[in-house]
Amino acid sequence: MSRPSVPVLLAALFLAAVVLVALIGNVFTPFATTDQDLLNRLARPAFLGGPAEYPLGTDRIGRDMVARLVEGLRMSLSVALAGTLIGAVFGTLIGFVAAHFRGLVEEGLMMLVDFQASLPFILIALTLLAFFGNSLTLFILLMGLFGWETYARLARGVVLSATSQPYAKAVVALGAHPMRLYLRHVLPNVASALIVQLTLTFPQIILLETSLSFLGLGIQPPLTSLGQILGDGRDYLSTAWWISVWPGTLIFVITLSMSILGDALRDRLDPMLKQRTT
Amino acid sequence: MTRFWTIKFLRTILTLWFVVTFAFVVLRTSGDPVVALIGADALPAEIEQFRRQWGLDQPLFVQYLRYVGQMALGEFGTSLRDQRPVIDIIMERLPATLALGLVAYGAALVIGIPAGIAAALRRGRTLDRAIMAFAVFGFALPNFFLGILLILFFSLFLQILPSSGSGTLAHLVMPAITLGTFTAGTLARFTRSAMLEVLDRPYMRAAAAKGVPAWKRVLFHALPNAAIPIVTVIGLNLGQLIAGAIVVETVFGWPGIGRLLVQAVSSRDLAVVQALVLVIAATMVLANLLVDLLYGLLDPRIRGGAR
């Protein structure tokens, strides 16, 4: 075990800070997300000569940027977390089912996997949003639909190679239910690969959610997310750049830290891969 | 050889058929297709005529066959918003997207591949670290935020480039940079690792031993052998480029099909959405076929059997 490098440590620290802010961020500001201060619309951040009570400035109807960012961060993180988990559970399950039944079921499921992998997901997302309309529940399910195909491929491959090994045959011979074999014996063996995949999917879902919200097709007001704040700020670039720059920087640093951590994790959990690529 | 082409070709057809079926299923499960395609405030007579015209009075199976036939012929219906044939609207917007995509992609190739080769040759040194850091940044920086930063810097601070619209070359600069950065980063990463795989192979040492100059070794001995993974990424990147165009065109008010799609989704102009999805999907599937065929040309080993 080597010690983690400086960028990896920084990334981990930053992510821990972000999660903390999302959890208890309200203590940094006396304002609620919806408090309006019409006399202080588009106020500069305090360190640039704006009013002292707004350290990061205000938006077009005088709402405190700190309060907005905490709220947006909370939404973006929870949507991405929910999406990642739904996708992982669903995808893994599909992979197990495909490997268990083989034959036509497997063919059909793998065709679905190929289909989703052949299109950019934002296209599928836009289609479903256009036809089914948008609500928070639907949007979260949509995020869960992202990336399931990778988990399905992974899980199927592992089950197929595991079931030919003696330990799996022994478990089956002892009369274990297939579910027991997959969940108790195969799943722990894929766990590391799955965890690495989770860290790769999470930033991608953050980017997907913020892109859609930025386009006005994701999280809708009165709810807010980092992408939605950024999209809001687009109309005020010449007068109030801070509305879009703060959430944008947050998104960037979160996805950057996540990928740095994910890469480090992959190197650690999968030494074979490291030998090949570096 | 023929077997290789046939399998690839059949797979392409199959995927296209999947896409059309997906569109049909979405259209039919999301509500009344008549309301979806001509609007809720249509007159009863209009609805009746539309039903007959699209065969919606027929059994579901017949409807499905007709639908597949119509899509195959490019009959996408009319737009709800401006009452014109969808295919005309798409054709009108397509050149802008192609121009943007080609410029962005060209730039990404010209920057990304040499950068990847340079990083591989200077492995572990400062240049390698700098190029890889840039690639990771390009990977994590959301394209809409990069676009906003460029607008802030070039249009509002320096005031040398227009922030949105089209018409002159100056309008193309920022959208192309925004769209190309991500692709250049991915290309650099993959080129680097593909080159690293081949650089210490025995034939490279043999070439060095027989006195081939370094630049010739890289260009004629290493690069062709590293080409397969690079071409794969180029094919995969097309999807990312299209996904990127959807966002970038909206940021810069570029009048292409990406912006059209966003507008159509937000105004729920479903005939346009459906047609765009089918057109984009078909383009991607065909591009993937081209990449597969290119493999066959690049690497004789692949042609032999199905991979």
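So you know, we letter chains A, B, ... as the sequences are listed, proteins then strands, and number each from 1. Computed from heavy atoms alone, side chains included, the values below leave out hydrogens, waters and symmetry copies.
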Inset, instruction - Of all the heavy-atom pairs spanning B:A243 and A:I122, show the shortest one and how long it is. - result: CB-CG2, 3.6 Å

Inset, instruction - Would you give the length of the straight line joining atom CZ of B:R268 to atom CZ of A:F131, rounded to the nearest 0.5 angstrom? - result: 9.0 Å

Inset, instruction - Calculate, to the nearest 0.5 Å, the distance between atoms CG and CE belonging to B:L14 and A:M111 respectively. - result: 4.5 Å

Legend entry - Residue pair B:V277 / A:I124, side-chain heavy-atom distance below 4.5 Å: no

Legend entry - Within 6.0 angstrom of B:L158 CG, more than 12 heavy atoms from elsewhere: yes

Legend entry - Neighbour count >12 (heavy atoms, 6.0 Å) for atom CZ, B:F182: yes

Inset, instruction - Under 4.5 Å heavy-atom distance to chain A, tell me which part of B:F137 shows up: side chain, backbone, both or neither. - result: both

Legend entry - Under 4.5 Å from any heavy atom of chain B - which part of A:L237: both

Inset, instruction - Identify which part of A:M258 has an atom lying under 4.5 Å from any heavy atom of chain B, answering side chain, backbone, both or neither. - result: neither

Inset, instruction - Decide if atom CZ of A:F47 counts as having more than 12 heavy atoms of other residues, nucleotides or ligands within a radius under 6.0 Å. - result: yes

Legend entry - When A:I260, A:L207, A:L128, A:D114 are compared by non-hydrogen pairs under 4.5 Å with chain B, the top option: A:L207

Inset, instruction - Would you give the length of the straight line joining atom CG of A:N134 to atom OG of B:S266, rounded to the nearest 0.5 angstrom? - result: 11.5 Å

Legend entry - A:F14, CZ: over 12 other non-hydrogen atoms inside 6.0 angstrom: yes

Legend entry - Steps toward side-chain contact (heavy atoms from CB on, under 4.5 Å) verdict (A:L112, B:F18): CA-CA 9 Å; A:L112 273 181; B:F18 252 71; 4.3 Å; yes

Inset, instruction - With a 4.5 Å cut-off on heavy-atom pairs, point out which of A:S259, A:P120, A:G248 contacts chain B the most. - result: A:G248

Inset, instruction - Let me know if A:L126 has heavy atoms under 4.5 Å from chain B in its side chain, its backbone, both or neither. - result: both

Legend entry - Atom pair CG/CG of A:L123 and B:L261 - distance to nearest 0.5 Å: 6.5 Å

Legend entry - Part of B:R189 within contact of chain A (heavy atom distance under 4.5 Å): side chain

Legend entry - Heavy-atom side-chain contact between B:T250 and A:R234 under 4.5 Å: yes

Legend entry - Proximal component of A:V245, with respect to chain B [non-hydrogen, under 4.5 Å]: both

Inset, instruction - Give the member of A:D263, A:I254, A:L129, A:L230 that has the highest number of heavy-atom pairs under 4.5 Å with chain B. - result: A:L230

Inset, instruction - Would you mind checking which part of A:S257 comes under 4.5 Å of any heavy atom in chain B, side chain (CB onward), backbone (N, CA, C, O), both or neither? - result: neither

Inset, instruction - Flag the one option from B:V247, B:L276, B:L152 with the top tally of heavy-atom pairs under 4.5 Å to chain A. - result: B:L152

Legend entry - Neighbours of chain A found in residues 140-148 of chain B - heavy atoms under 4.5 Å: B:A140, B:L141, B:P142, B:F144, B:F145, B:I148

Inset, instruction - Could you check which of A:L212, A:L217, A:V253, A:I206 has the highest count of heavy-atom pairs closer than 4.5 Å to chain B? - result: A:L217

Inset, instruction - Please look at B:V136 and chain A and tell me whether the side chain, the backbone, both or neither of the residue comes under 4.5 angstrom of a heavy atom of that chain. - result: both

